[in-house]
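Right, one structure below, let's go through it.
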Number of protein chains: 2
Amino acid sequence: MTKKTTIYDIAEKLGITAATVSRALNGNPKISEATRQLVSDTAKEMNYEQNKLALALKSGKSYNVGVIVPRIDSNFFASVIRGIEEELYPKGYHVIICQTHDQKSLEIENINSLLNAQVDGILMSISNSGPEENQSFDRLIKKNVPLIFFDRKKEIEGVSSVTIDDFKGGYQATQHLIDQGCRRIAHLSNNRKIEIFKNRYLGYKQAIIDNGLEFDESLVIETTSRVAEGSKSTKVLLDMETPPDAIFSSSDFVALGAIQEIKSRGLKIPEDICVVGFANEPFTRFMELSITSVDQSPVEMGRIAAQVFMEEVNKSKKIKTQKQVVLTPELMIRKSSLKSEVIAH
Amino acid sequence: MTKKTTIYDIAEKLGITAATVSRALNGNPKISEATRQLVSDTAKEMNYEQNKLALALKSGKSYNVGVIVPRIDSNFFASVIRGIEEELYPKGYHVIICQTHDQKSLEIENINSLLNAQVDGILMSISNSGPEENQSFDRLIKKNVPLIFFDRKKEIEGVSSVTIDDFKGGYQATQHLIDQGCRRIAHLSNNRKIEIFKNRYLGYKQAIIDNGLEFDESLVIETTSRVAEGSKSTKVLLDMETPPDAIFSSSDFVALGAIQEIKSRGLKIPEDICVVGFANEPFTRFMELSITSVDQSPVEMGRIAAQVFMEEVNKSKKIKTQKQVVLTPELMIRKSSLKSEVIAH
DNA sequence: CTGTTAGCGCTTTCAT
DNA sequence: ATGAAAGCGCTAACAG
């Protein structure tokens, strides 16, 4: 790389001191307008650019925040990240994105790498699989690096989170199916050790009970969030003695797999069986048979997570508060579950 | 943040000097095995962690590379990024991902921010819209920061690139349609100022000419890569006096829009009209009417881009070479274009 | 209003 | 084999 201009170069050229240059550049009030002009002109002229690394070393702040997600190629996470960026970029922060591919080991590695890179905070959605492990979180908390969970959180004292009301989402989806006349509603659930999936399940269960229907545990199957898994689990459901007349899935991808399996058997959607997914991925809207799903306002979620982060950064280090923001989900009703005439959206 | 342990703390505790600690930790050969052990033990004991920022300031290397893409919520870009990560993580590099949302202004901002963050290099896929502007690239090149283009490149002297043979991709797709008996093949093209789209178009054109068909410029429509745009352009095509019997789109999303429009008119795919997309996004496989598309081996592309970057980093600064890697595309034939019996894949 | 000085944490000659 | 000291580029406390 070409030799970079430093404040010393400017100082030398102007016969003043580096400190003055620094102050002038930073708009320190006790610098004469004359020198300020002079300095900033020469800086421009010499193509000066502040070395953020030096600043970071000095101030202990890197102006980088880490964002850890299971994967980036889902619209949901990509949108959350977009929200975070929109909020943080104008404030001079940079976003380092890491993927865990749903592996705990990678999650730990990522946290450590980000910590090494001296990030000022970490916003994350925890991963599914792998052994429970809290060491890296402990390290984070001990170092007092702000940690914010979004969507997939973990109950940790003093750690803030931004989530949606998954219970409500599950409840709404199930209620909708019941309203459509479905009576035997199955649930394809992701790993229920993760809170969001547990809550969607609980909402589903509660809706069934509240409506006086029979809750049948055998209609609940746990899957990963892959399309193929959705088909596989649906096979099991359809092979039951009394198969379900509706499926509520905690994932759009799994719902897609379910639909494929249902269709391959010549069953009709929504006439024979209704399907509802979760996350409102774009493809749910684009399919010829559009899929009913629960929207989680991901961009909003990202923005709020970023705001919470900013609050923690600016907070006096002593006060430890824990903020829990909960957004309201919205059911997007589409063809896959609408037996009546009009199609919404 | 809690006070961090530095090599000075270790030195003090051991009654030696920071330099020795540094050397011991870095495996400098002229350190006795005894002290090396001692130092590394105490380091562990005191929870020492190297401050990468200081290292970066000292060495002038940040071990961060920037990756700039139009957006991350497309499987293609997400996969390229995955390839880059796989290659770079083990080498101790971090990846900072930035999105331009296809706006030149954001592209420029991103380049500047990354430069400020002292990244060791930038891997990028350029954006579509906005005024042509080369200043930020110039700045990059002047600073001698390695720049690698992948997929969407720009012809700049001394800048390496990794792309696929888009001409071939376009040619193959079109040839396939001709082989299926199509004679009037339309092309929905993205902005042809971008090389990849120009080349797909040229491949398409050449295949038509080589097969002795008439090339009709009015069958070529330029769109953005949004689904809705695909429908809109297809409307125009289908309203023509002699509508096409096939559509080759330079984007899967546009192909999806085309399919929606075609179906809404009661036309049959592939019987009445065949459709081929480009990029092999997962949804092309998942649709009930699976979409034929051109695969670009994105993970591979990312890996190679990262390798090229590593070469440039290690290269003696004086020698300027320009490497152009071109990958071969693969046509994935699916239902949307297969009139005969067997369905591949 | 501006200069002096020290220090952020680390590496790296140059000595010894 | 280890210590001393300088320096990466910047800011901030203390002088004046």
Side-chain angles (χ1 to χ4, degrees), chain A residues 1-40 42-43 46-64 92 115-120 143-145, chain B residues 1-40 42-43 46-64 92 115-120 143:
Chain A
M1 325 235 176
T2 317
K3 190 78 189 66
K4 275 160 275 175
T5 325
T6 74
I7 49 174
Y8 283 95
D9 301 327
I10 303 180
E12 193 178 11
K13 179 156 189 178
L14 259 38
I16 56 178
T17 200
T20 309
V21 175
S22 170
R23 284 190 275 250
L25 258 19
N26 290 310
N28 185 310
K30 36 180 74 174
I31 287 287
S32 74
E33 191 46 46
T35 33
R36 188 196 314 296
Q37 246 335 309
L38 193 59
V39 168
S40 88
T42 347
M46 301 177 74
N47 288 314
Y48 168 74
E49 296 172 24
Q50 192 188 46
N51 184 328
K52 301 274 184 184
L53 251 34
L55 215 195
L57 176 61
K58 179 70 184 169
S59 69
K61 293 191 64 176
S62 68
Y63 280 93
N64 276 148
L115 248 25
N116 285 340
Q118 312 289 126
V119 290
D120 295 345
K143 293 188 86 170
N144 219 334
V145 175
Chain B
M1 326 233 176
T2 317
K3 191 78 189 65
K4 275 160 274 176
T5 320
T6 75
I7 50 175
Y8 282 97
D9 302 328
I10 303 180
E12 193 179 10
K13 178 157 190 177
L14 259 39
I16 56 177
T17 201
T20 309
V21 175
S22 170
R23 283 189 273 250
L25 257 20
N26 289 310
N28 185 310
K30 36 179 75 174
I31 286 289
S32 74
E33 190 47 46
T35 33
R36 187 195 316 295
Q37 245 335 309
L38 193 60
V39 167
S40 89
T42 348
M46 301 177 74
N47 288 313
Y48 168 75
E49 296 171 25
Q50 193 188 45
N51 183 326
K52 301 275 184 184
L53 251 34
L55 214 194
L57 177 60
K58 180 68 185 172
S59 68
K61 293 192 63 175
S62 68
Y63 280 94
N64 276 149
L115 247 25
N116 285 340
Q118 313 288 127
V119 291
D120 295 345
K143 292 188 85 169

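Numbered from 1 within each chain, the chains take letters A, B, ... in sequence-line order.
- At a threshold of 4.0 angstrom between heavy atoms, the contacts of A:I7 include nucleobase atoms, whether or not backbone atoms are also involved.
- Note on B:S32: a side-chain N or O is less than 4.0 Å away from OP1 or OP2 of D:dT2.
- For A:R23, the listed nucleotide lying nearest its side chain is C:dT2; candidates were C:dG9, D:dT2, C:dT2.
- Taking only side-chain atoms of B:A19, from C-beta outward, the nucleotide of D:dA12, D:dA5, D:dT11 with the closest atom is D:dA5.
- Expressed to the nearest 0.5 Å, how far NZ of B:K52 lies from OG of A:S62 amounts to 14.0 Å.
- The separation between A:L55 atom CG and C:dC8 atom C1' is 11 Å, rounded to whole Å.
- Considering only side-chain N and O atoms, A:Q118 lies nowhere under 4.0 angstrom from the phosphate OP1 or OP2 of C:dG9.
- Taking atom OH of residue B:Y48 and atom P of nucleotide C:dC10, one finds them 3 Å apart after rounding to whole Å.
- When the C1' atom of D:dT11 is taken as reference, atom CD1 of A:I10 falls 15 Å away, rounded to whole Å.
- Taking side-chain N and O atoms only, A:T35 has a distance below 4.0 Å to OP1 or OP2 of C:dT2.
- Note on B:I16: only backbone sugar-phosphate atoms sit closer than 4.0 angstrom, heavy atoms only; bases stay farther off.
- In the helix from C:dC1-D:dG16 to C:dT16-D:dA1, the rotation axis of the first five pairs and that of the last five pairs differ in direction by 40°, rounded to 10 degrees.
- B:R23 contributes no side-chain N or O that, together with a main-chain N or O of B:K30, makes up a donor-acceptor pair within less than 3.5 Å.
- Between the CG atom of B:L57 and the P atom of D:dA6 there is a distance of 18 Å, rounded to whole Å.
- When the P atom of D:dG9 is taken as reference, atom CG of A:D9 falls 8 Å away, rounded to whole Å.
- Residue A:N28 holds its CG atom at 7.5 Å from CZ of A:R36, rounded to the nearest 0.5 Å.
- In this structure, the NZ atom of B:K30 is 14 Å from the P atom of D:dG3, given to the nearest Å.
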Verdict with reasoning, A:T20 to A:T17, per side chain to side chain donor-acceptor pair (under 3.5 Å): CA-CA 5 Å; A:T20 309; A:T17 200; 5.3 Å; no

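- For A:N26 and B:Y8, each mapped to the nucleotide of DNA chain D holding its nearest heavy atom, the one lying further toward the 5' end belongs to B:Y8.
- Remark: P of C:dC1 and CG of A:L38 are 16 Å apart, rounded to the nearest angstrom.
- Between the CD atom of A:E12 and the CD1 atom of A:I10 there is a distance of 11.5 Å, given to the nearest 0.5 Å.
- The base of D:dG7 sits within donor-acceptor range of the side chain of B:K58, with an N or O pair under 3.5 Å.
- Residue A:S22 has no polar side-chain atom (N or O) positioned under 4.0 Å from OP1 or OP2 of D:dC10.
- No side-chain heavy atom of B:Y48 sits under 4.5 Å from any side-chain heavy atom of B:V21.
- If you measure from atom CG of A:L14 to atom P of C:dT2, you get 11 Å, rounded to the nearest angstrom.
- When atom types are taken as modelled, the side chain of A:T42 and the backbone of A:L38 share a donor-acceptor pair closer than 3.5 angstrom.
- Judged by distance alone, the side chain of A:D120 and the main-chain N or O of A:Y63 form a donor-acceptor pair under 3.5 Å.
- Between B:L25 and A:T20, it is A:T20 whose nearest contact on DNA chain C lies nearer the 5' terminus.
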